[in-house]
Engineer: 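This is the structure I have questions about; it appears just below.
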Amino acid sequence: MSELKLMKGNEALAEAAIRCGADAYFGYPITPQTEVIEYLMTEQPEKRTGMVVLQAESELAAINMVYGAASTGKRVMTSSSSPGISLKLEGISYLAGAELPAVIVNVVRGGPGLGTIQPSQADYFQSVKGGGHGDYKLYVLAPSSVQEMSDFVEDAFDIAFKYRAPVLILSDGLIGQMMEKVNLKDQKERMSNEELIEKYGSWATTGKKGRERNIITSLDLQSEKMEARVHRLMKKYEQMEKEDLRYEEILCDDAEYLIVAYGSSARISQKAVELARKKGIKVGLLRPITLFPFPKKQLFQLADQVKGILSVELNMGQMVEDVKLSVEFKVPVEHFGRTGGIIHTPEEILEALEQKIIK
Amino acid sequence: MDVLDIIKPENQVFCKTKLMTDTPLSYCPGCGHGTAHNLTMEVIDEMGIAEDTIGVAPVGCSVLAYDFMNIDMTQAAHGRAPAVATAISRCWPEKYVFTYQGDGDLAAIGTAETIHACNRGENIVIIFVNNGIYGMTGGQMAPTTLEGMKSSTSPYGREIATMGSPLKITELIANLPGVYYVTRQAVHTHKHARKAKKAIRKAFENIKLKKGISFVEIVSNCNSGWKMTPNDANIWMEENMFPYFQLGDIKVNGKLK
């Protein structure tokens with residue numbers, strides 16, 4: 001039995017964290033995601049489920065609190081927006097290196113620098129190409145609705161614990177701030193400490209009762225050991241590509257042209273596809289739901305069918321590079337995007353498709 | 001009598017705590033870290049809390065503390081140990097959580113994490129080893145480097161006008177309401193080590209009583225970084241470090257001394 005509610009994306013995400021049995025949230029306010037911590041502080045999940053919520057003194061402290069909780073096997077989440085995520089990258093790299101499960105949410109705003117508080121997708125590179133230092137990747141989920149803001153929280157925890165790796169939910173100011181109806185799942189019980197120790201006692205630092213001690217570190221002073229650690233990470237990423245790739249195809253079966261877009265851009269592009277179809281242009285939409293892993297094979301195959309591809313993004317051309325790599329020059333690939341917090345209209349997207357691809 | 005006649009279990013009067021591993025210490029001969037490690041582990045052993053203790057190792061000379069301390073440990077990013085310990089303690093309030101940090105980690109890059117964990121009164125122990133220099137990276141100036149003291153980044157001596165004064169972070173912390181116990185100790189002689197151990201014991205007992213932050217500073221040497229023999233370093237420490245970083249309790253049972 002679920003519950004239907006009208007909620008902001010940020011609030012739906014926060015409520016989903018409580019309901020999926022998260023153990024802790026550590027965060028720091030920044031627009032446009034502050035509702036996450038505000039909602040959690042108001043809801044007092046400590047009373048509802050025993051979930052710990054704490055406002056840290058900085059994004060740095062928050063992500064390192066996440067690191068601490070994650071090192072003990074707890075289901076822990078943080079959220080921030082672009083400049084805050086830049087600060088968190090230190091900790092995210094440590095989480096990846098130390099192989100710790102955690103969920104990080106980026107409700108993206110325009111940049112670089114302090115940028116703007118309006119929606120943007122300009123953190124694509126930062127999210128899928130590493131961001132922090134060292135050889136690592138993040139599993140990246142890109143919600144395009146308030147429903148997905150809610151659903152992806154539990155999915156993200158599942159992936160994080162499946163691989164013992166940090167997972168990023170890459171949203172933006174539009175999805176975070178807009179209100180939609182959302183089906184909230186039933187409350188799940190938090191895992192008991194006994195169950196946690198039973199499940200994660202082989203690695204988590206919960207106190208060495210009845211076993212040899214555990215150590216959480218990302219340090220390997222011997223190069224051979226460090227290389228082996230990185231190889232271990234790479235194996236996880238290969239497995240993610242095989243087992244946990246997610247994408248959605250909309251009207252691709254008979255498509256002669258293709259739009260590739262994720263998150264809020266995908267929502268707007270879906271309308272552009274409708275407009276095109278009304279004009280008799282057969283356009284399909286491929287929406288990557290995971291940005292890493294990226295639907296490379298699907299794009300490679302679609303490139304045999306379509307005459308051209310438009311990558312629609314709220315940035316100056318980031319995902320388009322992955323689209324080009326995927327189709328290996330089989331068909332023309334162009335980019336269309338607005339930036340600085342400006343959101344493209346469906347009409348603009350259709351016009352760009354006609355000018356850049358159909359010609 | 002042959003020496004091997006003496007080395008027998010029945011003649012043993014002192015042994016290494018089993019909470020120190022057999023891994024050879026990576027510290028320079030004469031360094032105080034080994035003693036500080038040992039005292040901490042002895043206290044945890046004697047209190048019988050090893051199975052419920054989680055340590056947080058810093059970045060710096062004691063980055064590998066987890067190689068030597070035979071308990072569950074998490075290695076934190078530079079300066080972030082108090083944030084890491086905060087979350088562990090919040091998620092596992094019945095556990096004994098401590099950080100072990102040096103002066104660069106705790107008093108420079110991690111100042112914010114230190115001050116705020118202390119201000120929130122997290123129920124943890126912070127062991128702060130202050131040797132007035134960055135040992136790990138080869139002897140650069142630390143926030144606690146004394147005036148006029150030479151290091152590789154203050155080769156003509158620390159100049160107050162351009163580099164600021166050596167930071168008494170322990171006194172700063174003692175003034176925060178969330179802080180219950182603050183003391184400054186040393187470990188270079190048996191007498192000092194015994195007192196330091198008592199202080200560490202008191203700190204861990206405060207966790208059991210849920211009293212908030214207990215902060216134990218250990219003023220220590222760095223003979224390699226100071227470019228001295230171990231003995232000279234200890235003498236120099238007594239003559240120069242102790243007058244500025246005065247030993248003794250600073251705050252006991254939540255009250256400033």
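Quick note on labels: first sequence line is chain A, next is B, and so on, each numbered from 1.
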Engineer: Below 3.5 Å, can you tabulate the donor-acceptor pairs from side chains in residues 62-72 of chain B to any protein atom, sequence neighbours excluded?
Structural biologist:
from: B/Tyr66; atom 1: OH; to: A/Thr217; atom 2: OG1; distance (Å): 3.1
from: B/Asn70; atom 1: OD1; to: A/Arg213; atom 2: NE; distance (Å): 3.4
from: B/Asn70; atom 1: ND2; to: B/Lys18; atom 2: O; distance (Å): 3.4
from: B/Asp72; atom 1: OD1; to: A/Arg211; atom 2: NH1; distance (Å): 2.9
from: B/Asp72; atom 1: OD1; to: A/Asn214; atom 2: N; distance (Å): 2.6
from: B/Asp72; atom 1: OD2; to: A/Thr206; atom 2: N; distance (Å): 3.0
from: B/Asp72; atom 1: OD2; to: A/Gly207; atom 2: N; distance (Å): 2.8
from: B/Asp72; atom 1: OD2; to: A/Arg211; atom 2: NH1; distance (Å): 3.3
from: B/Asp72; atom 1: OD2; to: A/Arg211; atom 2: NH2; distance (Å): 2.6

Engineer: Given heavy-atom pairs under 4.5 angstrom as the criterion, report whether the side chain, backbone, both or neither of A/Leu100 touches chain B.
Structural biologist: neither
Engineer: Determine the option with the most heavy-atom pairs under 4.5 angstrom with chain B, choosing from A/Ala61, A/Gly91, A/Ala62, A/Gly210.
Structural biologist: A/Ala61
Engineer: Taking atom CD1 as the centre, does A/Ile117 end up with more than 12 heavy-atom neighbours from other residues, nucleotides or ligands that are less than 6.0 angstrom away?
Structural biologist: no
Engineer: Below 4.5 Å from any heavy atom of chain A, which atoms of B/Thr53 appear? Answer side chain, backbone, both or neither.
Structural biologist: backbone
Engineer: Is there a side chain to side chain contact (heavy atoms under 4.5 Å, CB included) between B/Arg90 and A/Met65 once you walk through the steps?
Structural biologist: CA-CA 10 Å; B/Arg90 294 272 180 142; A/Met65 288 173 185; over 6 Å; no
Engineer: With side chain to side chain contact (heavy atoms under 4.5 Å, CB included) as the criterion, how do B/Ile115 and A/Glu57 come out once you've worked through the C-alpha distance, each side chain's angles and the decisive distance to 0.1 Å?
Structural biologist: CA-CA 10 Å; B/Ile115 298 264; A/Glu57 62 270 27; over 6 Å; no
Engineer: Is A/Ala70 in contact with chain B via its backbone, its side chain, both, or neither, using a 4.5 Å heavy-atom distance?
Structural biologist: neither
Engineer: Could you tell me the separation between the CZ atom of A/Arg75 and the SG atom of B/Cys91, rounded to the nearest 0.5 Å?
Structural biologist: 13.0 Å
Engineer: Using heavy-atom distances under 4.5 Å, tell me whether A/Ile63 contacts chain B through its side chain, its backbone, both, or neither.
Structural biologist: neither
Engineer: So which of A/Val52, A/Asp23, A/Val76, A/Leu54 has the largest heavy-atom pair count under 4.5 angstrom toward chain B?
Structural biologist: A/Leu54
Engineer: Judged by atom type as modelled, is there a donor-acceptor pair below 3.5 Å linking the side chain of A/Tyr67 to the main-chain atoms of B/Gln75?
Structural biologist: yes
Engineer: Above 12 or not: heavy atoms from other molecules or residues under 6.0 Å from CD of A/Glu46?
Structural biologist: yes
Engineer: Verify the neighbour count for atom OH of A/Tyr28: are there more than 12 heavy atoms of other residues, nucleotides or ligands below 6.0 Å?
Structural biologist: no
Engineer: Provide the closest heavy-atom pair for B/Ile88 versus A/Ser71 in the form atom of the first, atom of the second, distance.
Structural biologist: CD1-OG, 4.0 Å
Engineer: Need one label for A/Ala24: side chain, backbone, both or neither, based on atoms under 4.5 Å from any heavy atom in chain B.
Structural biologist: side chain
Engineer: Kindly indicate, with the supporting measurements, whether the criterion side chain to side chain contact (heavy atoms under 4.5 Å, CB included) is fulfilled by A/Asn193 and B/Glu94.
Structural biologist: CA-CA 11 Å; A/Asn193 284 348; B/Glu94 65 287 3; 3.5 Å; yes
Engineer: One pair to check against side chain to side chain contact (heavy atoms under 4.5 Å, CB included): B/Met73 and A/Thr205. What are the steps and the verdict?
Structural biologist: CA-CA 6 Å; B/Met73 285 196 85; A/Thr205 50; 5.8 Å; no
Engineer: For chain A, which residues from residues 198-214 of chain B lie under 4.5 Å away (heavy-atom distances)?
Structural biologist: none
Engineer: Return the option, out of B/Val97, B/Thr74, B/Asn119, with the maximum number of heavy-atom pairs under 4.5 Å with chain A.
Structural biologist: B/Thr74
Engineer: Quick check on the interface: out of A/Leu219, A/Leu60, A/Asn64, who has the most heavy-atom pairs with chain B under 4.5 Å?
Structural biologist: A/Asn64
